Amino acid sequence: MTNPNLLLGAIASTKAEIKRHEEALQVLMDDLALMYATGELDDLKDDEGNLVSNAVKVSRCVRTSWHYSNAVKELQ
């Protein structure tokens, strides 16, 4: 592709498509989290609580944030 306008248009189109897929994925992940919480997926859990079905393994992750007091910041 040698036309810069076509190239930029293709980039914008691809980015928009990625955004749509990310939004759709988030809806699916929210549905999965709800099913996990209600116990509907218990028969798919392995010993570590991961979901396993066919060739797909889903692990739950939790983000942890730390907030330090000013006293700790001063010690750094």
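The model shown is predicted, which means the values in this text are computed figures rather than measured ones. Worth knowing before you read on, the calculation uses all heavy atoms, side chains too, and leaves out hydrogens, waters and symmetry mates.
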Task: Heavy-atom closest contact (Leu41 atom, Tyr36 atom, distance) - done: CD1-N, 3.6 Å
Task: Val27-Met35 co-clustered via ILVMFWY side chain contacts under 4.5 Å - done: no
- [ ] Flag yes if Leu44 and Val52 sit in one hydrophobic cluster, no otherwise; membership is Ile, Leu, Val, Met, Phe, Trp, Tyr, and two members link when side-chain heavy atoms are under 4.5 Å apart.
- [x] no
What side-chain donor-acceptor pairs closer than 3.5 Å can you find for residues 15-23, not counting sequence neighbours?
none

TODO: Report the distance from atom CG of Leu7 to atom CG of Asn3, rounding to the nearest 0.5 Å.
DONE: 8.5 Å
TODO: Would you give the length of the straight line joining atom CG of Leu34 to atom CE of Met29, rounded to the nearest 0.5 angstrom?
DONE: 13.0 Å
Open item on the list: Show every salt bridge (charged side-chain N to carboxylate O under 4.0 Å, His left out) that has at least one partner inside residues 28-47, sequence neighbours left out.
Closed with: Asp42-Lys45
TODO: Measure from the side-chain N and O atoms of Thr14 to the backbone N and O of Ala10, and report whether any donor-acceptor pair falls under 3.5 Å.
DONE: yes
- [ ] Scan residues 57-66 for pairs that pass side chain to side chain donor-acceptor pair (under 3.5 Å), counting only residues two or more places apart or in two chains.
- [x] Asn50-Ser59
